[in-house]
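Please read the structure below before turning to the comments.
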Amino acid sequence: MRRRIILVVGVIAVVVAIYFISNMNLFSKVDNGKEDAVSQATASRYQELEIREYQGVRLDPAIGPRDNSISGIQEVDLSTYQLQLTGLVDKPVSYTYEQVLEKEKAQRLITLYCVEGWQATVLWEGVRINDLLADAGIKDYATVVIFHCVDGYTTSMPLTVIKDKDMLLAYSANGVSLPASMGFPFIVVAEDRLGYKWARWVNKIELSSDESYKGYWEKRGYSNDATVN
């Protein structure tokens with residue numbers, strides 16, 4: 001009788017052990033599945049030749065998780081495209097895409113912070129906005145830079161911020177040409193400013209003295225300062 005009881009207890013113990021091990025494996029597979037799903041979704045956004053690491057820093061895809069533009073992704077025709085520098089300048093200037101690329105380039109590792117809660121650390125390459133402004137000449141009373149975009153979007157920043165940060169107008173992200181979804185041909189790399197200051201599909205840079213100017217989202221209640229906290 002005693003042996004029978006011991007045998008039954010032993011069988012029960014084995015069954016219980018198998019049950020817990022099976023459930024542990026099941027939960028493990030679920031967790032790994034979730035992790036794999038997240039990593040696969042992120043990986044699918046990388047372009048074929050896009051680099052994924054720079055100086056030990058993991059780079060995020062240059063394409064955001066979703067389109068949040070005001071009129072959809074813009075497809076810019078370079079055969080007719082012009083980047084204009086206007087407003088309070090000594091001489092208005094217009095550049096073709098190729099003329100901008102001929103200027104001295106600069107490269108920066110900078111994180112974009114979106115108000116939607118996501119962020120992307122990307123290796124940006126482009127031209128210094130200060131260099132473009134120098135070509136046009138800045139009037140002494142100009143204090144604001146307004147960025148105009150192909151889709152009608154606008155935003156602005158103080159001239160002093162752009163100069164102090166030596167901000168870029170980027171045409172490349174993670175070693176490849178800027179994708180259309182991120183603003184090809186040019187995006188403002190608005191370092192330390194929230195994503196709505198990162199104007200995409202830029203086709204005009206205007207110098208102004210209107211310090212109260214509000215762009216598309218600023219007119220709808222977003223902070224005109226947009227500093228990343």
Side-chain angles (χ1 to χ4, degrees), residues 62-89 92-101 103 108 110 112-116 118 120 122 124-133 135-136 142-159 161-162 165 167-173 176-208 210-226 228:
I63 297 175
R66 75 175 193 88
D67 174 40
N68 58 6
S69 59
I70 62 171
S71 299
I73 296 171
Q74 303 295 298
E75 298 291 341
V76 176
D77 182 359
L78 291 183
S79 67
T80 59
Y81 174 83
Q82 293 281 316
L83 174 64
Q84 301 177 48
L85 273 71
T86 65
L88 301 180
V89 297
V93 178
S94 291
Y95 298 101
T96 65
Y97 175 72
E98 293 298 333
Q99 286 174 327
V100 176
L101 266 60
K103 290 189 163 295
R108 307 271 174 76
I110 295 175
L112 184 161
Y113 295 92
C114 182
V115 293
E116 295 178 343
W118 58 269
V122 173
W124 306 98
E125 184 175 282
V127 61
R128 295 176 176 87
I129 296 175
N130 285 336
D131 289 349
L132 297 175
L133 298 180
D135 287 349
T143 57
V144 174
V145 180
I146 303 171
F147 297 98
H148 300 259
C149 305
V150 170
D151 60 351
Y153 186 85
T154 66
T155 191
S156 67
M157 280 181 284
L159 176 59
V161 170
I162 289 172
K165 293 290 183 181
M167 287 184 177
L168 300 183
L169 191 68
Y171 47 72
S172 172
V176 297
S177 293
L178 195 70
S181 62
M182 285 300 284
F184 180 85
F186 300 115
I187 183 174
V188 176
V189 181
E191 182 178 5
D192 294 335
R193 293 300 186 273
L194 293 170
Y196 58 92
K197 292 295 183 181
W198 294 58
R200 293 178 286 175
W201 310 294
V202 178
N203 63 353
K204 183 166 72 173
I205 300 175
E206 177 187 357
L207 273 294
S208 173
D210 183 4
E211 297 181 5
S212 63
Y213 179 87
K214 292 184 177 181
Y216 181 89
W217 285 117
E218 293 85 345
K219 288 178 181 177
R220 291 159 173 77
Y222 284 75
S223 167
N224 210 11
D225 179 67
V228 174

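Both tests pass for R220 against the ring of Y216: distance under 6.0 Å to the centre and angle within 45° of the axis.
With contacts defined as side-chain heavy-atom distances shorter than 4.5 Å, the pair L132/L83 qualifies. When side chains are defined from C-beta on, D151 counts as touching I70, because their heavy atoms get closer than 4.5 Å. The closest side-chain heavy-atom distance from W198 to I110 is below 4.5 Å. A 4.5 Å side-chain heavy-atom check between Y81 and T96 finds every atom pair outside the cut-off. Side-chain contact between E218 and Y213 is absent, with no heavy atoms from C-beta onward closer than 4.5 Å. At a threshold of 4.5 Å between non-hydrogen side-chain atoms, the residues V145 and E206 do not count as touching. Side-chain atoms of E116 and N68, non-hydrogen and from C-beta on, do get closer than 4.5 Å to each other. Looking only at side-chain heavy atoms (C-beta outward), K103 and D135 come within less than 4.5 Å of each other.
Residues S94 and Q99 share a closest heavy-atom pair of O-OE1, 3.9 Å. Scanning all heavy atoms of the two residues, the minimum distance from L178 to A173 falls at CD1-CB, 4.1 Å.
Residue S69 holds its OG atom at 4.0 Å from CH2 of W201, rounded to the nearest 0.5 Å. Summarising the geometry, atom OG belonging to S181 is positioned 13.0 Å from atom CZ belonging to R66; distances are rounded to the nearest 0.5 Å. Rounded to the nearest 0.5 Å, atoms CG (L159) and CG (L88) are 10.5 Å apart. Atoms OH and CG, from Y113 and L194 in turn, are 10.5 Å apart once rounded to the nearest 0.5 Å. Put simply, CD on E211 and OG1 on T143 are 3.5 Å apart, with the number rounded to the nearest 0.5 Å. Rounded to the nearest 0.5 angstrom, M157 CE and I129 CD1 are separated by 6.0 Å.
For Y97, the ring-ring contact (aromatic ring centres under 6.0 Å, His included) partners at least two apart in sequence or on another chain are F184, F186. In this view, K204 and Q84, T86, H148 satisfy the side chain to side chain contact (heavy atoms under 4.5 Å, CB included) rule, not counting sequence neighbours.
With hydrogens and angles ignored, the 3.5 Å screen pairs no side-chain donor or acceptor of R200 with any backbone N or O of C149. With hydrogens and angles disregarded, a donor-acceptor distance shorter than 3.5 Å links the side chain of Q74 to the backbone of G72. A donor-acceptor distance shorter than 3.5 angstrom exists from the side chain of Y153 to the backbone of Y196, with no hydrogens or angles considered.
A donor and an acceptor atom, one from each side chain of K165 and N130, are nowhere located under 3.5 Å apart. No side-chain donor from either of D225 and S223 sits under 3.5 Å from a side-chain acceptor of the other.
Crowding of K214 atom NZ: a count of heavy atoms from other residues, nucleotides or ligands under 6.0 Å not exceeding 12.
Each of V161, N224, D192, V188 was checked for a side-chain contact (heavy atoms from CB on, under 4.5 Å) with K197, and the lone residue meeting it is N224. Applying side-chain contact (heavy atoms from CB on, under 4.5 Å) to L133 and the options L207, V93, V89 leaves one that passes, L207.
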Using the side chain to side chain contact (heavy atoms under 4.5 Å, CB included) rule, take V144 and D210 through it: C-alpha gap first, then chi angles, then the decisive distance, then the call.
CA-CA 7 Å; V144 174; D210 183 4; 5.8 Å; no

